[in-house]
Amino acid sequence: MCFAARGDRNFGFATIFLWRCPMLDSKLLRTNPEIVRKALQLRRATIDLDALLALDETRRQLTTEVETLKAQRNQASQQVAQMKRSGQDASALMAELGALSQRIKELDERCAAVDAQFQEMLLTIPNIPHASVPEGNSDADNTEVRRWGIPPQFSFTPKEHWEIGARLGGLDFETAAKITGSRFVLLRGWAARLERALFSFMLDVQTQEHGYQEVLPPVIVNRASLLGTGQLPKFEEDLFHLTGTDYYLIPTAEVPVTNIFRDTTLDEADLPMGLCAFTPCFRSEAGSYGKDTKGIIRQHQFHKVELVRLAHPDTSYDELELLLTHAEAILQRLELPYRVVTLCSGDLGFSAAKTYDIEVWLPGQATYREISSCSNFEDFQARRAGIRFRPKGAKKSALVHTLNGSGLAVGRTMVAILENYQQADGTVRVPDALQPYLGGATTIPF
RNA sequence: GGAGAGGUAGCGAAGCCCGGUCGUAACGCGCUCGACUCGAAAUCGAGUUACGGACUCAUACUCCGUACGUGGGUUCAAAUCCCACCCUCUCCGCCA
């Protein structure tokens, strides 16, 4: 078993620790609480670790106590069986065991209550950031990795995508508001077709050139799936929940696709594995009032082509770099300028150990905006979801590492095309790579 | 929606009627190691669940506990008996 490959990268605090104990579980919490405390501090998260540790202490005490009694009962029950078989009278022993069973029952209930409380709290502890993750408070502290492409120059003041969309008649927010409400859009004509062209193009590149297997999963998932990938229990308010059911609309295809492998033991030869899925995504955007209220940057429903990779723990950071290039390839083909940033510790998502965001250049806003997020979750999701593989020659199975990234967010890609390819006369040029998907059209509208 | 069958280890499957020697889960397949072989196949032998706890430098050994779809109940004792729910399959009905 070799985790040394990770150590080669960076002998930081977390790496050395992870090399020894590559898991965030109750054992890690108990044996190295300082590691967890440090990780929480890096993430600027406030969790009462001492309360959790105390709970664990109580839990283990009760467990030991009740298990001792159970061992007694099991032994005595065997005796009863033996006595009965040999025709002896076991009624005295049985009466005695009645009292023991009653005590076990009471103690068991207390133990289960404490354990449930402990598990519940443990599920709210985020993953430990990788050693290469820069420390920081917010997205302002994210570090730029590289830039690709040159932002286009315009002989006029470039417009924002919603202005372009309004003039060309493809983005109809008023009607969507009537049908549903705010933060929804009705795509008409060229916009609907452009959306379709974009996700077809993305799926073709990912499946035909990068070796991903295409899947089309349910977009409604149950609670267990959301616990597995880490959206629950902490982020209930970000999700659309179907009243009276155990069902939720997916916020990302990461949830159904990763959960394909929930409670599964894979062959080592299957790793690494890549799946991609085109799905709608649904986000309640609670708490985002006032942000991106114009246009289609931030919607309750949007389309995304998602890439999911399952990797061997030894190579998952190589897989992350690979995944990143798969997402970048789409922007390069569409000739859209972008930059890659590493999320700092304070901006990192709950389940991720390390995340690269790809930000595309938007001339209308004169800024880079997120269009893809590529993360290595290490074994965090795998532990929650029970995704394992059997290493060659090893007795025990091990947890896989899971990764995922957008390849790409379709709506935001349309935004980027409208803004980067806009022309003085108000029309928009079609990127060369997309023309075959639009019947050869070179200009929007078509 | 109606009727029936089923859910047991990586997979298939026995056990359930009649509770205890069946979770060290029959049997088969797969996988791992070994023997045989120039090598392979075939054959033979051994091994092969997960989680939690105790002990530990140890994710090594050993011991203990828990888990036979899920949750309850009966019992000294539940894969086995009772209740509720979930899921899968077959047939019927309805429907895109």
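First the proteins, then the strands, lettered A, B, ... as listed; each starts at 1. The figures that follow rest on heavy atoms only: side chains count, while hydrogens, waters and symmetry mates do not.
Donor-acceptor pairing under 3.5 Å, judged by distance alone, is absent between the side chain of A:Gln78 and the base of B:G20.
Summarising the geometry, the separation between CD on A:Glu65 and P on B:G65 is reported as 16 Å, rounded to the nearest angstrom. B:A58 atom C1' lies 13 Å from atom CG of A:Asn32, rounded to whole Å. With rounding to whole Å, A:Asp379 atom CG is found 15 Å from B:U59 atom P. As rounded to whole Å, 13 Å separates atom C1' of B:G65 from atom CG of A:Asp115. Between the CG atom of A:Asp263 and the C1' atom of B:C51 there is a distance of 12 Å, rounded to whole Å. When the P atom of B:U49 is taken as reference, atom CZ of A:Phe389 falls 17 Å away, rounded to whole Å. Rounding to whole angstrom units, NZ of residue A:Lys84 and C1' of B:G20 are separated by 9 Å. Taking atom CG on A:Leu107 and atom C1' on B:G65, their separation rounds to 13 Å, with Å as the unit.
Ring orientation note: the planes of A:Phe278 and A:Phe199 are close to parallel, at an angle under 30° on the 30°/60° scale. Relative ring orientation between A:Tyr248 and A:His241 is described as parallel, the plane-to-plane angle staying below 30° on a 0-90° scale split at 30° and 60°.
Using a 4.0 Å heavy-atom criterion, one finds that A:Ala71 contacts the sugar-phosphate atoms exclusively. Backbone-only engagement by A:Asn74 is indicated by non-hydrogen atom pairs under 4.0 Å involving sugar-phosphate atoms exclusively.
Within 6.0 Å of NZ in A:Lys234 there are more than 12 heavy atoms belonging to other residues, nucleotides or ligands. In the displayed structure, A:Glu135 atom CD is contacted under 6.0 Å by more than 12 heavy atoms of other residues, nucleotides or ligands.
Rounded to whole Å, the C1' atom of B:C38 lies 41 Å from the corresponding atom of B:U24. Rounded to a whole angstrom, the distance from the P atom of B:G72 to that of B:A67 is 11 Å. Spacing of P atoms, B:G1 relative to B:C76, comes out at 40 Å, to the nearest Å. Comparing the P positions of B:A13 and B:G7 gives a spacing of 9 Å, expressed to the nearest Å. Spacing of C1' atoms, B:C87 relative to B:A26, comes out at 27 Å, to the nearest Å. Rounded to whole Å, the separation between the C1' atoms of B:G12 and B:U21 comes to 27 Å. For the P atom pair drawn from B:G10 and B:G2, the interatomic distance equals 35 Å after rounding to whole Å. Rounded to whole Å, the separation between the C1' atoms of B:G19 and B:G73 comes to 15 Å.
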### Task
Return one dot-bracket line describing RNA chain B 5' to 3' (Watson-Crick or G-U wobble pairs, both distances under 3.5 Å; ( ) same strand, [ ] crossing, | another strand, . none).
((((((((.[[[..)....(......]]]((((((.......))))))((((((.......)))))).[[[[[..)....]]]]])))))))....
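Distances shorter than 4.0 Å separate none of the side-chain N or O atoms of A:Arg59 from OP1 or OP2 on B:G52. Here A:Ser101 does not reach the OP1 or OP2 of B:U75: none of its side-chain N or O atoms lies under 4.0 Å away. Checking the phosphate oxygens (OP1, OP2) of B:G53, a side-chain nitrogen or oxygen of A:Arg30 falls inside 4.0 Å. Distances shorter than 4.0 Å separate none of the side-chain N or O atoms of A:Arg60 from OP1 or OP2 on B:G65.
For the pair A:Leu194 and A:Tyr437, the minimum side-chain heavy-atom distance is 4.5 Å or more. Counting heavy atoms from C-beta outward, A:Arg30 and A:Arg60 have side chains that approach closer than 4.5 Å.
In this structure, A:His401 has its ring center at least 6.0 angstrom away from the ring center of A:Tyr317. Taking the ring centroids of A:Phe240 and A:His300, they lie under the 6.0 Å cut-off.
Taking the nucleotide of RNA chain B with the nearest heavy atom to each of A:Arg85 and A:Asp56, the more 5' of the two is matched to A:Arg85. When the nearest nucleotides of RNA chain B are assigned to A:Ser77 and A:Thr63 by heavy-atom distance, the more 5′-ward of the two goes with A:Ser77.
Comparing atom distances between the A:Thr265 side chain and each of B:A77, B:G53, B:G10 picks out B:G10 as nearest. With B:A50, B:C76, B:G52 as the choices, the nucleotide that has an atom nearest any side-chain atom of A:Leu97 turns out to be B:C76.
Considering CG of A:Leu249 and SG of A:Cys281, their distance stands at 10.5 Å, rounded to 0.5 Å.
A donor-acceptor contact closer than 3.5 angstrom is absent between the side chains of A:Asn222 and A:Asp246.
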Between the protein and nucleotides 71-74 of chain B, are there any N/O to N/O pairs under 3.5 Å, and if so, what are the atom names and distances?
none

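Residues A:Leu434 and A:Ala197 come closest through the heavy atom pair CD1-O, 4.1 Å.
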